[in-house]
Amino acid sequence: MPPYTIVYFPTRGRCEAMRMLLADQGQSWKEEVVTKESWLQGPLKASCLYGQLPKFQDGDLTLYQSNAILRHLGRSFGLYGKDAREAALVDMVNDGVEDIRRHCSQLIYRSYEEGKAKYFQELPGHLKPFETLLIQNQEGQAFLVGDQISFADYNLLDLLLNHQVLAPGCLDSHPLLLAYVARLSARPKLKAYLASPEHVNRPVHGAQKI
């Protein structure tokens, strides 16, 4: 049995970054897919520490909160920078990704049709900090922090890929980020996962058929 289990809805949502990380690190995992009907019945929700998913199991360790799970996997696989300075920067990057993810979730679940034009008009401003970080690190030819991939890279990659699904062409005016997406997506194990039915057939969010 794989040591890891992801308990989540049948979407990419807040679990795709951890799936991409595990796949790229050559790890296998088990999926326990939760339907809307079973979630509304209540027992699983009541058993979850914060009353929400994802739930992640690493052997006998059970974790909730997607960013806590990513940090745990970052520590487990050496994806948290090479020292305390880099770890602090990785945390900062990941918090920045979370800011955009929350904005995007509000758009999807509250006012997609009415708000998408304004959202994507403002997107370049939200993406600029990540372009700045890339330029500052090996002139944009590597990762967000240091000379090795971090858990925050997987999180940003997931976010950018999702935006390309929501609005194809939204990164066309960001060549540095486009190159970053292409570079990371070409990593052999990650490339294989991104081409797999497990990734391709999952909608970005459950609220929309996207």
Side-chain angles (χ1 to χ4, degrees), residues 2-6 8 12-29 54-59 61-105 123-164 171 174-194 199:
Y4 308 108
T5 300
I6 293 173
Y8 197 57
R12 298 180 194 178
R14 286 188 166 269
C15 284
E16 204 63 11
M18 64 185 77
R19 293 181 182 118
M20 293 195 304
L21 183 158
L22 289 169
D24 194 40
Q25 297 300 313
Q27 302 297 308
S28 59
W29 68 95
K55 173 182 178 181
F56 184 85
Q57 292 176 274
D58 178 355
L61 173 65
T62 299
L63 292 174
Y64 301 90
Q65 299 290 352
S66 58
N67 286 302
I69 297 165
L70 282 174
R71 287 192 292 269
H72 168 66
L73 293 173
R75 285 186 289 267
S76 297
F77 294 104
L79 308 171
Y80 218 139
K82 67 183 180 183
D83 53 30
R85 175 188 174 88
E86 286 194 0
L89 291 172
V90 170
D91 277 332
M92 179 187 73
V93 169
N94 202 62
D95 285 356
V97 174
E98 176 65 16
D99 285 346
I100 300 182
R101 194 177 291 277
R102 285 178 176 170
H103 286 309
C104 188
S105 294
L123 183 62
H126 294 309
L127 295 179
K128 186 176 179 180
F130 303 104
E131 294 178 302
T132 299
L133 288 167
L134 281 171
I135 292 170
Q136 291 174 347
N137 187 33
Q138 301 181 44
E139 297 183 352
Q141 302 305 306
F143 306 106
L144 288 164
V145 177
D147 57 6
Q148 62 183 16
I149 198 166
S150 73
F151 72 88
D153 285 295
Y154 295 107
N155 206 10
L156 178 60
L157 177 61
D158 172 51
L159 188 75
L160 295 175
L161 289 173
N162 288 347
H163 278 70
Q164 288 182 310
L171 299 183
H174 303 276
L176 205 63
L177 289 177
L178 273 177
Y180 171 82
V181 169
R183 187 167 61 251
L184 267 60
S185 298
R187 291 166 66 89
K189 292 176 183 176
L190 185 51
K191 181 179 179 180
Y193 174 72
L194 292 175
H199 171 78

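We use all heavy atoms of the structure for the numbers below, so side chains are in, but hydrogens, waters and symmetry mates are not.
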Closest heavy-atom pair and its distance - [X], [Y]:
X	Y	value
Ala142	Leu134	O-CD2, 4.2 Å
Ile69	Pro54	CD1-CG, 4.2 Å
Leu176	Glu139	CD1-O, 4.4 Å
Leu159	Arg101	CD1-CA, 3.9 Å
Cys15	Ile6	SG-CG2, 3.7 Å
Leu133	Met92	CD2-CE, 4.0 Å

Quick one: does any side-chain atom of Asn137 pair with a main-chain N or O of Gly146 as donor and acceptor, under 3.5 Å?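 Checking the backbone N and O of Gly146 against the side chain of Asn137, a donor-acceptor pair under 3.5 Å is found.
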Check whether Arg75 reaches the backbone of Tyr80 with its side chain - one donor and one acceptor, N or O, closer than 3.5 Å.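 Such a contact is absent between Arg75 side chain and Tyr80 backbone.
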Results of salt bridge (charged side-chain N to carboxylate O under 4.0 Å, His left out) for Glu131 - residues two or more places apart only: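 Residues passing salt bridge (charged side-chain N to carboxylate O under 4.0 Å, His left out) with Glu131: none at all.
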Could you state the interatomic distance from [atom1] ([X]) to [atom2] ([Y]), rounded to the nearest 0.5 Å?
X	Y	atom1	atom2	answer
Met20	Asp158	CE	CG	4.5 Å
Asp153	Leu157	CG	CG	8.5 Å
Leu184	Leu160	CG	CG	9.5 Å
Asn155	Arg14	CG	CZ	8.5 Å
Met18	Trp29	CE	CH2	11.0 Å

Does Arg183 CZ have over 12 foreign heavy atoms under 6.0 Å away?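 Yes, because the 6.0 Å sphere around CZ of Arg183 holds more than 12 heavy atoms from other groups.
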Are [X] and [Y] packed together at the side-chain level, in the sense that at least one heavy-atom pair is separated by less than 4.5 angstrom?
X	Y	value
His72	Leu61	yes
Gln25	Tyr154	yes
Leu127	Leu171	yes

List for me each residue that meets side-chain hydrogen bond (donor to acceptor under 3.5 Å, both in side chains) alongside Gln65, sequence neighbours excluded, and say none if there are none.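 Testing Gln65 for side-chain hydrogen bond (donor to acceptor under 3.5 Å, both in side chains), a comparison that skips the adjacent residues, returns none.
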Does Arg71 have any side-chain hydrogen bond (donor to acceptor under 3.5 Å, both in side chains) partners at least two apart in sequence or in another chain, and if so, which?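 Expected list: none.
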Are Leu156 and Val93 close enough, and set up right, to give a side chain to side chain contact (heavy atoms under 4.5 Å, CB included), and what steps lead you there? CA-CA 9 Å; Leu156 178 60; Val93 169; 5.5 Å; no
When you look at Leu73 and Asp58, which way does the side chain to side chain contact (heavy atoms under 4.5 Å, CB included) test go after all the steps? CA-CA 10 Å; Leu73 293 173; Asp58 178 355; 5.6 Å; no
Asp24: which of Arg187, Arg19, Lys189 passes salt bridge (charged side-chain N to carboxylate O under 4.0 Å, His left out):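 Checked Arg187, Arg19, Lys189 against Asp24; only one passes salt bridge (charged side-chain N to carboxylate O under 4.0 Å, His left out): Arg187.
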Would His174 and Tyr180 satisfy side chain to side chain contact (heavy atoms under 4.5 Å, CB included), going step by step from the backbone distance to the final call? CA-CA 10 Å; His174 303 276; Tyr180 171 82; over 6 Å; no
Lys55 and Thr5: side chain to side chain contact (heavy atoms under 4.5 Å, CB included), yes or no, with the steps? CA-CA 8 Å; Lys55 173 182 178 181; Thr5 300; over 6 Å; no
